[in-house]
Amino acid sequence: LIYPAFKNALSALALAVASLFLWRVAFFSSDWAVLALIPLAFVMIVGFWPLMLDPWRARLNLYLRAGSPLRKILTGRIRAICLSSIFTFVAVILMAWQALSASIFEAAIMLTAFFLAACIFSVAQHLLLRHFHQPFARSFASLLATWIVALPFTVVIAVSTWSWAVIPGAILDASLQDALQIGLDELPARGGMIAGILSVPYGYESAKLWVVVQLRDYPIVGALFSFDAALFSFVLCRSAVVITQCIEIHILKVHET
Amino acid sequence: VKNFKKSRAARKYWVVRKPNLVTWFWGGVILMAGLSILLSVAAVLRTNIDLNESKNVASSEDGSRTEATSEKNAYELKNMLDEATKVSLAAVQSQIGPLLNDVYQPVYASVPAYVDFHYSVWGEYAELTEAALGDVSGKLQEMLFSGLEMRLNRMGTELDSIFNSKFSEKLETDTATSGGTKINPGTLTQLAVEGAVKRMQVTVPVGTAVALGTGATIKAGAAAITKKITAKLAVKAAAKTGGKWVASTTAAGTSAALCSWTGPGAVLCAVAGGIGAWIVTDHGIIKIDELWTRDKFEADLRAMIDEQKANHMAAIEKATEARAAAIQKDAGEIVQQHDFTLRELFGGGNAEICEITADFTARYELISTHLGLREPEGIQAVRIAMAPHNENLTLGPMVREIDQNLKQSLQVKVSPVRITGNLPEGYRSDWDVSGVVYLNNSPLDIPKSAALEKNGFTVALTGEITMSAEQPLNYIAAIKQHRWFLPSRIFGGVETVKLFEVIDSSAGLEQNIVLPLQIAPIWENDDKITHIETGEPINLMVNLRAEPLAELKKAPDCL
């Protein structure tokens, strides 16, 4: 039970680390670095697809009568395509942003969360299959793994953001525009579409920091900022689950009983 | 085909023919990892090239476009501090050679004079006498190395001064520009730069290292040179002595013959002749020796001085490098201080520092205004509490200032106010008394005053001594009873007190304390007054006064 889960999680982690690290290394030289994210995005979209489609179909089988012409219309494919694309797009951008800006310490926390979520998903799915049919076992396992890991790691990341995330001193006396510039200065000067996309999280983060600095008399604002930053752990854990799921089905071909 | 694709056989076919994705998966992961490694290596190489290019571009740009207020980020600040250290180190190292030449110039200039001295009869005997007395390097030190230590110390200070000014100058320039554009440095950057400059000034100064090392090095160098000279002298002396004895014995015999007409003075005349012959012979031998060996001796001497100079050069270069390394290490801490975390922003770090500051300043104020709180144990407790913050960038200056000021805290001025009491029973009468009070062996007169048989005496005293409050106060009273037509009687007593045992800790910086003492009759010629167990008790009132400590100037601003 543990060894296959460990193997699945490690494989998922290897793919994510290789893809994101290559992206991190290559991005400051060229926009072609985005190619490094394609395997990750592909695995995610392929992994997310059945998570969305299969439960929908199962429900439709219950809801619709046999022979209903609606069966041909309500296949759930468009919904699955839309949701998979949106999730993959957002998750990959957020992970790419974190890969560029995270310190080693932050990266270690995030990788631990990723690995744990992947492990727990594998174990939980195996255990839940003794009681539930697919795709419900997979859905519940996905939900369980995400919450079990993301919740405590939200606190861990929030505390680490509060205590150790280093904020440039320059932001203390910066205007909002300067603060945005400080954030955007971390991107390469060459511009381009990728930098344009990444400027959204960078700018958003800087703007939030600026607000926090302006409202420094209210510690609750700082705490909210830390928790907001920590919500990324949900995206991370969900991604871990999705990637593991894809690897289990399509790469390692774990037989479902 | 359509039917085939839907059939069970086809599904089986496609399952069987499905590509092995494991290989593709791990192949992809390994490929990405390999690419990452390659790109990392390329990035490192590229960074070095970019650094060189940016230096060239920066030097060719005209740097006066627009003015804006800007804070340096941690990365820029670290680069700035590292660059300033490098520039300062280069400036100092380029000056070591010329400055050391100046320092050693008088040494080289003294070589001919020393060689003249060495090749003279007087010089030879002086050196042999020194060798016999065991201090072979005295004359050498005096003639060659006189003032060298002082000049080297001055050079160390000058090198520090060059380092400091270059460091400050470079930081000032870099702080005021960004990518060739003039900017107004932000408050945080200015604070960080000021902190760096202050910290740099006290970080392992070269002057201190030189001052610590030069005395020993010079002595070692001089000792090495004199060792060689002494060995040479010994050989020379042994070689010459035989010849000189022959010459002087012959001369003495000849002198005796020539002086025979002087009668009883013939012996003295012969001895004088012999000594004269010894000296003349010696002079001749030295001159011959000089003719043969002077050039080589002088060259050897210069080579030995060169060697010592090279040792000094290496030591000073090492000291400058050590200083640069220490400053570079400090730069990391300064940069860390420059950026902040949310915890610090909301008072975590700041409140902590201000709390510590408030605690230390409150303790310092109490010590400053209360003599009784300056007891060594209390001072030591403050020092122990401060020790962990000694190297802290924010608290360090204040901690060091307090430590320095506390060194003055134990100075106390003691002035006797008055002495009151009566003489022992059986010795009391209406005769005047006078005497002397000794406070830690410093005598203070008791002026002649009236004493009554019944009420005794009360005599006002003047004078003052300064002492360390941690030392015990030893006080002695010697009182003389002036009797008409009869010999005076002397009464005395001695006591010791630890000041902090009698000081009232709540009384402030000035207070009067009463020191009890017992006096008993002693003989006038008794010059020793010992502790008296059963004497007549009298009281010596003294005034203790301490100065308030200097106001703290380096406490962090916590308003």
Side-chain angles (χ1 to χ4, degrees), chain A residues 11 13-30 33 35-36 38-40 42-43 158-174 178 182 185-186 209 212-213 215-223 225-226 229 246-247 249-253, chain B residues 15 18-44 46-47 50 68-77 178-179 184-192 334-351:
Chain A
S11 306
L13 188 70
L15 175 74
V17 169
S19 181
L20 291 170
F21 188 69
L22 179 58
W23 152 256
R24 180 185 170 115
V25 172
F27 176 64
F28 291 100
S29 305
S30 164
L35 292 177
I38 289 175
L40 186 70
F42 178 75
V43 169
V159 170
S160 83
T161 306
W162 174 267
S163 301
W164 297 295
V166 176
I167 300 163
I171 210 163
L172 277 177
D173 61 353
D178 292 340
I182 289 167
D185 281 348
E186 291 179 43
L209 266 178
V212 170
V213 168
L215 299 173
R216 69 183 84 167
D217 293 333
Y218 307 97
I220 185 71
V221 180
F225 171 84
S226 302
C246 176
I247 288 171
I249 295 175
H250 300 287
I251 313 287
L252 303 174
K253 297 188 179 72
Chain B
V15 167
K18 237 180 196 176
N20 186 0
L21 289 179
V22 176
T23 315
W24 284 94
F25 175 79
W26 286 113
V29 169
I30 291 165
L31 178 71
M32 285 192 286
L35 277 173
S36 299
I37 293 166
L38 277 176
L39 286 170
S40 300
V41 173
V44 170
R46 181 69 190 270
T47 309
D50 283 354
T69 303
S70 169
E71 292 282 7
K72 299 280 181 189
N73 63 36
Y75 177 73
E76 288 170 329
L77 191 66
S178 176
N184 293 323
T187 322
L188 272 173
T189 307
Q190 277 178 333
L191 279 174
I334 290 164
V335 168
Q336 211 173 14
Q337 193 82 15
H338 184 62
D339 288 342
F340 63 94
T341 62
L342 283 176
R343 179 174 166 269
E344 287 166 343
L345 180 70
F346 289 103
N350 295 337

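Chain letters run A, B, ... following the sequence lines, proteins first and then strands; every chain starts at 1. No hydrogens, no waters, no symmetry mates; every other heavy atom, side chains included, goes into these values. A quick note: this is a predicted structure, and the numbers were derived from the prediction, not measured.
- Residues satisfying the side chain to side chain contact (heavy atoms under 4.5 Å, CB included) criterion with B:Val41, sequence neighbours excluded, are B:Leu45.
- Qualifying side chain to side chain contact (heavy atoms under 4.5 Å, CB included) partners for A:Ser30, counting only residues two or more places apart in sequence or in other chains: A:Trp32.
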Could you check B:Trp26 against A:Ser11 for side-chain contact (heavy atoms from CB on, under 4.5 Å), going step by step and ending with a plain yes or no?
CA-CA 8 Å; B:Trp26 286 113; A:Ser11 306; 3.4 Å; yes

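- Among all heavy-atom pairs drawn from A:Ala18 and B:Ala33, the shortest one is CB-N, 4.5 Å.
- A 4.5 Å side-chain heavy-atom check between B:Phe25 and A:Pro39 finds every atom pair outside the cut-off.
- Heavy-atom distances place both the backbone and the side chain of A:Ala14 under 4.5 Å from chain B.
- Considering CZ of A:Phe21 and CG of B:Leu35, their distance stands at 12.0 Å, rounded to 0.5 Å.
- With contacts defined as side-chain heavy-atom distances shorter than 4.5 Å, the pair A:Leu15/B:Met32 qualifies.
- Among all heavy-atom pairs drawn from B:Leu39 and A:Ala26, the shortest one is CD1-CB, 3.5 Å.
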